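Everything numeric in this text was worked out from a predicted model, so none of it was measured. Naming: A, B, ... by sequence-line order, numbering from 1 per chain.
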Amino acid sequence: MNALAIRNLTKTYKGFKLDNISFELPKGCIMGLIGENGAGKTTTIKLILDTIKRDSGTIEVLGEDNRKNFKEKKEDIGVVLDEAYFPEGFTAKNVNTVMKNTYKRWDQELFCDYLNRFSLPRDKAFKDFSRGMKMKLAIAVALSHNAKLLILDEATSGLDPIARDEILGIINEYTRDEDNSVLISSHIVSDLEKICDYIAFLHKGKLVFCEEKDVLLERYGILKCSKSDFAAIAPDAIKGKRENSYCVEALVERAEIPTGFSVEKASIEDIILYLAREVTKQ
Amino acid sequence: MKGLLIKESFLIWKHGKFMIVLALIYCVMAAIKGGYFFAGFSVVFFSMLPMSIMGMDERSKWDHYAVTMPYSRKEIVLSKYIMTFSGAFASAVLYIISTMIKWYIEKTPGDFMELLRYAALLLALGLMYSAINLPVAFRFGVERGRLWFILVTVLVAAAIGTIISLIETDVSKVGNFIISLPSIAYIAASLILIALSVIISFRIFENKEL
């Protein structure tokens, strides 16, 4: 079963179109939604959460259309938006009281455990929290009602590397239960490369690819060679290239490269940068 | 919806203490001095509380978050109306209590039915204030909504003034006519207005992209 199934999703704004995107997030997996600012990541997440209306396409969340009985389904979804939108004067204690009366399966003990783990004060006003503390509080809420699907929209952006690493660790821990799935959007590729099973790359409103991370890393490589040697490579094998007067550096499909050429390992960031450049050229 | 109402009451308690104290002072003044001026202020202050909370929600983008929780959009809208109704009702009850305390202290009991009628008028006033304001706030946001409200109030006042001058009627006669109406008429009119207002707010908020 898929935690998410999106088919032919389209949403048009003035000056931007999320164009006919389709992908599936299998249950128990973490999917990273990568793209530059304005690529359509937040729009996709808002459409999944049905907070904006789609023009066309279908969205299934945990096996059901997100327009049917979605109020009940939201019990199973933990959401962390790009900011933690709690009222300024709220304390962690207030958040607990409100959420206890919001989610049927709210686990107060678990929430308190997260507060301790994140060293979050219970009585300090939310407006006096640092950005890291605010995001940790939002994550604590998202994880404390036994959600089956966690959706995080740029939850790690603006955080220091230590806080980011801590949050990524918790997300990883959450998916140890194979019923739990995560969709996390970010433009920090290295973060997603650490934890994701699947990578979906959005560029200017179009889905460039959605693939298993390991398959991507296995399929693509970086070839560095002279221009004359490069001429021997089949054009279909070349997915993107950078050249200067002496040599060529290209993203290639490893399987298509003749023996004798040295192909280095490509990172997800390399793959994305090369493919984005090619898509932009087209 | 319980969580939403708890959240509203937390915010009112944290940020609306000053307004609650002012509303209480106006309420007591209304009882001591009599007349509608202070009582009207008291009701308007109480009814303004949910608007102030909406302003805070706007600043913290709470609604963007609330729609991701297991609440329907209708529940989010209704929570504001319930707070408004509670504020106006509390104000009317306070007016009754403070007037009765005044009667007790001065040992001059007044007409209780007449007091109830005034209280009903106050309640209706509070509900009408919110019935007009809330859909505008849902549509334009609280800050822009306030400007719209002032504009509409000025236009309505100008239109009423013009109509009164055209039919050559004394303003006090109109006022006396309104006061002479049975209390059920105020309450019915305000409830109809609230029902219409809720329907309009539902429609606005359902279509709002958050």
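- In this structure, the portion of A/Asp50 lying under 4.5 Å from any heavy atom of chain B is its backbone and not its side chain.
- Within the 4.5 Å cutoff, the side chain of B/Leu11 has heavy atoms near those of the A/Phe90 side chain.
- Rounded to the nearest 0.5 angstrom, A/Ile77 CD1 and B/Thr68 OG1 are separated by 8.5 Å.
- Within 6.0 Å of atom CD1 in B/Ile184, 12 or fewer heavy atoms from other residues, nucleotides or ligands are found, so the atom counts as exposed in its surroundings.
- Between the side chain of B/Lys7 and the backbone N or O of A/Thr97 there is no donor-acceptor pair closer than 3.5 Å.
- Of all heavy-atom pairs between A/Val79 and B/Tyr65, the closest is O-CE1, 3.9 Å.
- Pairing each heavy atom of A/Asn101 with each of B/Tyr71, the nearest pair is O-OH, 3.9 Å.
- Both the backbone and the side chain of A/Phe86 come within contact range of chain B, with heavy atoms under 4.5 Å apart.
- Counting non-hydrogen atoms of neighbouring residues, nucleotides and ligands closer than 6.0 angstrom, the CZ atom of B/Phe89 reaches no more than 12 such neighbours.
- Shown here for B/Ser60 and A/Tyr85, the closest heavy-atom pair between the two residues is O-CB, 3.1 Å.
- In summary, A/Lys46 and B/Glu209 do not engage in a salt bridge, as defined by a charged side-chain N under 4.0 Å from a carboxylate O.
- Between B/Lys14 and A/Glu88, none of the side-chain N atoms (NZ, or NE/NH1/NH2) sits under 4.0 Å from a carboxylate O, so this pair counts as no salt bridge.
- Heavy atoms of other residues, nucleotides or ligands lying less than 6.0 angstrom from CZ of B/Arg203 number 12 at most.
- Distance alone, capped at 3.5 Å, is enough to place a donor-acceptor pair between the B/Arg73 side chain and the A/Thr51 backbone.
- With a 6.0 Å radius and a threshold of 12 heavy atoms from other residues, nucleotides or ligands, A/Lys148 has its NZ atom above the threshold.
- Proximity to chain B is absent for every atom of A/Val80, based on heavy atoms less than 4.5 angstrom apart.
- With a threshold of 4.5 angstrom between heavy atoms, B/Glu58 does not approach chain A through any atom at all.
- In this structure, B/Asn207 and A/Lys53 have side chains that are in contact, with non-hydrogen atoms separated by less than 4.5 Å.
- Counting heavy-atom neighbours within 6.0 Å of B/Lys74 NZ, excluding the residue itself, gives a total of 12 or less.
- Judged by distance alone, with hydrogens and angles left aside, the side-chain atoms of A/Thr102 form no donor-acceptor pair with the main-chain N or O of B/Gly3 at under 3.5 Å.
- Looking at heavy atoms from C-beta onward, B/Ser72 lies in side-chain contact with A/Lys71 at the 4.5 angstrom threshold.
- In this structure, B/Met69 and A/Tyr103 have side chains that are in contact, with non-hydrogen atoms separated by less than 4.5 Å.
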